[in-house]
Amino acid sequence: MSVKFSKIAKLLSDIEKISSRLEMIDLLREFFSEADLIDIQIISYLIEGRIAPKFVPIEFNYSEKSLINGLKIWIEANEIDFDIDYILEKSGDIGDVVEELLSDKKIFMNDSRDKSLRGLSLEKVYSEFWQIASYDGKDSVQRKTDKIISLFKYSNPLESKYISRIISGKLRLGLNVKTLLDAVAALLGEGKESKYYVDKAYGFCGDAGYIVKIVREGIDEIGISNDEKLLSSLINILEEVKPVPGIPIFPELVNRVSTFDDAIERMLKESDRFITQPKFDGMRAQIHIGVDYKSDNFKERVWSSFYSNYVDGKDSNESLDMFSSIDSIKGNSKGVKIFSRNLEDITDMYPELVSSAIAFGVDSAIFDSEIVGFINGKFIPFQDTMTRRRKYGVDYQSEEIPVKAFLFDVLYLDGKDLTEDNLIGRIELLESLSSDKKGDFIISDSHRINDTEKLESVFNDSVEKGLEGVIVKLINSKYLPGKRSYDWIKLKKSIDKKLVDTVDLVLLGYYLGSGSRAKFGIGALLGGVYDAESDTFIPVTKIGTGITDDEWGMIMKRVSSSETDLRPKSIADGSYDVPDKWLFPDIVITVEADEISKSKVYTAGSDKLGYGLALRFPRLKVFDRDKDATDATSVEELVDMWEMRKGE
DNA sequence: CCTGTCTGCCCC
DNA sequence: ATTCTGC
DNA sequence: GCAGAATGGGCAGACAGG
């Protein structure tokens with residue numbers, strides 16, 4: 001019997017009130033030890049605002065704005081006295097808005113109710129979620145709204161709050177899947193050992209529900225009383241979860257440091273040498289070769305997973321066939337699959353890489369790589385590379401924007417898991433695969449070095465080639481799926497102050513904040529440059545980071561005296577996001593950015609260039625420069641900065 | 001058919 | 001992506 | 001140092017509405 005959803009809402013509400021992760025883990029562990037297996041599996045997906053693992057292509061496609069629009073229409077049709085915008089501004093959370101709206105008990109009085117929904121269970125809510133996510137085509141937005149409102153009818157305000165938050169993907173509990181895995185590990189005892197194996201198994205399968213399932217089944221079989229046997233048996237079970245071609249592995253992630261010396265110090269603490277590889281400005285891609293669609297391992301993890309039962313009118317073997325049947329794979333004779341950083345299947349977007357993989361001359365492999373547009377021996381801008389991430393017109397675009405896959409790691413080769421091997425061994429193996437059949441694969445350059453001078457020269461080479469910088473890696477490190485540790489450190493060219501773009505922008509408006517920013521009444525700023533010719537200010541970017549909570553309070557005070565409801569005439573109009581509050585342009589701020597980019601919503605520079613300019617990765621450095629707005633960075637200066645970078 | 005709006009554990 | 005915050 | 005949650009520009013795709 002699936003647990004009542006009202007109990008789940010209470011659990012989530014309790015977790016939300018806690019700030020200590022250890023206490024959250026304790027609450028969850030308790031729930032995990034009592035609840036039915038199916039409920040635990042469902043929760044493990046819902047906690048991420050999803051209904052299935054990431055590699056299953058099912059999304060709600062219905063976020064905060066859709067719910068707000070839908071509710072507004074519904075409120076008006078039912079003549080309810082409720083100001084959504086006002087409450088949203090105050091709370092900054094769609095869930096809180098819904099909770100408050102439904103606290104009025106009279107709202108659903110005259111509705112005829114569907115009895116099958118009474119006393120919602122978690123399982124029932126989950127299957128309704130599947131239907132909401134499955135609606136598509138004409139009027140699907142309206143059908144989703146109707147279904148959500150019908151769920152509200154059978155929920156108390158607290159349940160409605162979490163239904164809204166799950167669907168809009170912003171649970172805001174201060175807890176996510178990593179903490180959930182900690183709670184799973186806690187089922188096996190206090191020690192850190194269990195956590196290591198749980199994390200690792202999750203890294204290899206990308207499916208928290210599956211991990212929960214095998215752990216819980218193991219516990220039920222052995223019995224929780226037998227501590228020692230429990231731990232060792234469960235470790236054995238978790239260790240069975242190994243890399244399998246066709247099942248995406250969470251890519252290992254990089255950390256950042258602020259100086260070369262910091263990076264070197266961390267590396268040399270562990271070993272007398274370290275590895276550097278180029279940092280490409282493209283798209284992370286994990287390339288699998290030799291997917292065996294009929295193997296038990298593959299079926300167990302993908303085809304028979306419990307969520308496939310929820311797909312309407314299909315049995316589990318027909319459903320969720322992201323891997324599709326082997327017969328339908330056109331020209332993909334070797335079971336090639338390519339996955340993005342977030343485990344999305346992007347195979348069909350890169351036919352030339354599928355061909356390269358088939359020709360590569362290995363039976364099975366999993367490579368870690370970066371896909372970058374590459375024309376006449378030169379790297380092309382990130383924005384152009386990203387046009388290859390598409391569903392339609394793939395053939396045309398692959399001629400317009402040809403790409404290369406730069407392989408920089410190998411996690412699996414000809415049936416063997418390499419993730420426990422040292423990095424240096426994996427790289428040597430990768431380099432040994434070099435042959436004349438690489439197609440659009442390029443084995444990434446790796447340097448083995450041990451001092452600052454060499455690091456700086458490798459870094460400069462990299463930047464000169466048009467790359468983003470270098471990644472520095474511990475020479476003797478294992479591959480850690482999904483981990484962001486200091487085993488891998490990025491040194492971006494923006495570490496060098498000469499290579500960042502710093503501008504003085506005029507504050508033109510601001511936006512309301514969500515979640516924890518709501519209490520400040522401000523969440524982001526709109527900044528612009530000065531155009532002397534027309535004596536106007538032209539927006540170039542929003543800024544939402546680089547500001548501490550204390551500063552937000554101060555900024556709000558400073559800004560309130562310049563507020564105005566209508567756009568001041570001196571601020572250029574455009575298709576940019578209109579701020580919630582306009583400001584008379586009299587405050588100058590300093591903003592740092594990694595680079596200037598071509599824009600379709602910002603227009604600064606378009607008179608001269610034919611296209612507008614914006615900032616990539618903007619962050620606030622100084623709030624109030626105490627100078628005149630007309631002394632801010634000018635359009636001409638911005639255009640100059642853009643042309644100088646381009647010329648290099 | 002065209003255009004605007006919204007979405008994406010999007011990509012970075 | 002960058003940045004800040006609580007533990 | 002980790003995990004989580006704020007926030008950025010910009011891309012293609014899906015849908016609503018005229």
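Chain letters run A, B, ... following the sequence lines, proteins first and then strands; every chain starts at 1.
At a threshold of 4.0 angstrom between heavy atoms, the contacts of A:Gly515 are confined to the sugar-phosphate backbone, with no base atom among them. When heavy atoms are screened at a 4.0 angstrom cut-off, A:Gln383 is found touching the sugar-phosphate backbone but no base atom. Contact annotation for A:Ser514: backbone-only contact, meaning every heavy-atom pair under 4.0 Å involves sugar-phosphate atoms and none involves a base. If you check every strand for non-hydrogen atoms under 4.0 Å, A:Lys144 touches nothing. In this structure, A:Arg266 reaches the sugar-phosphate backbone alone: every heavy-atom distance under 4.0 Å involves primed, P, OP1 or OP2 atoms, never a base. Backbone-only engagement by A:Gly523 is indicated by non-hydrogen atom pairs under 4.0 Å involving sugar-phosphate atoms exclusively. Among the atoms of the strands shown, only primed sugar atoms or phosphate atoms (P, OP1, OP2) are found under 4.0 Å from some heavy atom of A:Glu64.
Taking the salt bridge (charged side-chain N to carboxylate O under 4.0 Å, His left out) definition, one finds that A:Asp504 meets it with A:Arg625, A:Lys627, sequence neighbours left out. In terms of the ring pair (Phe, Tyr, Trp, His ring centres under 6.0 Å) criterion, A:Trp582 has no residue partners (sequence neighbours excluded). Under the ring pair (Phe, Tyr, Trp, His ring centres under 6.0 Å) criterion, A:Phe274 pairs with no residue at all, not counting sequence neighbours. Under the rule for a salt bridge (charged side-chain N to carboxylate O under 4.0 Å, His left out), A:Asp348 has no partner lying at least two apart in sequence or in another chain.
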Exercise. Just the dot-bracket of DNA chain D, please: which string comes out with Watson-Crick or G-U pairs under 3.5 Å, [ ] for crossing, | for another strand?
Worked result: ||||||||||||||||||
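Not a single donor-acceptor pair under 3.5 Å links the side chain of A:Gln277 to the backbone N or O of A:Ile471.
Taking atom CZ of A:Phe339 as the reference point, atom P of B:dC11 lies 12 Å away to the nearest angstrom. Summarising the geometry, the separation between CD on A:Glu370 and P on B:dC11 is reported as 12 Å, rounded to the nearest angstrom.
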Using atom types as modelled, flag every donor-acceptor pair under 3.5 Å from a side chain in residues 508-516 of chain A to any protein atom, sequence neighbours excluded.
unit_1	atom_1	unit_2	atom_2	d
A:Tyr510	OH	A:Glu563	OE2	2.7
A:Tyr511	OH	A:Asp577	O	2.5

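The phosphate of B:dC10 has OP1 or OP2 within less than 4.0 Å of a side-chain N or O from A:Asn342. Using a 4.0 Å cut-off, some side-chain N or O of A:Asn69 falls inside it from OP1 or OP2 of B:dC6.
A 4.0 Å heavy-atom criterion places the boundary nucleotides of DNA chain C facing chain A at C:dA1 to C:dC7, written 5' to 3'. Interface limits on DNA chain D: the 5'-most and 3'-most nucleotides within less than 4.0 Å of chain A heavy atoms are D:dG1 to D:dA16.
By the 6.0 Å contact criterion, NZ on A:Lys147 is enclosed, its count of non-hydrogen atoms from other residues, nucleotides or ligands being greater than 12.
In summary, the side chains of A:Ser597 and A:Arg616 do not present any donor paired with an acceptor at a separation below 3.5 Å, with no hydrogens or angles considered. Side-chain atoms of A:Thr548 and A:Asp550 include no donor-acceptor pair closer than 3.5 Å. Judged by distance alone, the side chains of A:Tyr479 and A:Asp368 do bring a donor and an acceptor atom under 3.5 Å apart.
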Problem set entry | Derivation and outcome, ring-ring contact (aromatic ring centres under 6.0 Å, His included), residues A:Phe129 and A:Tyr45 | CA-CA 12 Å; A:Phe129 280 173; A:Tyr45 299 125; over 10 Å; no
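Rounding to the nearest 0.5 angstrom, the gap separating the CG atom in A:Leu46 from the CD1 atom in A:Ile8 is 8.5 Å. Rounding to the nearest 0.5 Å places CG of A:Asp182 at 9.0 Å from CG of A:Leu22.
Only A:Arg172, A:Leu173, A:Gly174, A:Leu175, A:Asn176, A:Lys178, A:Thr179, listed by number, bring a heavy atom of residues 171-179 of chain A to less than 4.0 angstrom from any atom of DNA chain D. Near DNA chain C, meaning a heavy atom under 4.0 Å from it, residues 389-399 of chain A has no residue at all. Residues from residues 612-619 of chain A lying near DNA chain C, meaning a heavy-atom separation below 4.0 Å, are A:Phe617, A:Arg619 in numerical order.
Counting only residues at least two apart or on different chains, the side-chain hydrogen bond (donor to acceptor under 3.5 Å, both in side chains) pairs with a member in residues 261-270 of chain A are A:Asp262-A:Arg266.
Summary of the strand contacts: A:Leu620 and A:Glu468 both lie near DNA chain C, and taking for each the nucleotide with the nearest heavy atom, the more 5' one is attributed to A:Glu468.
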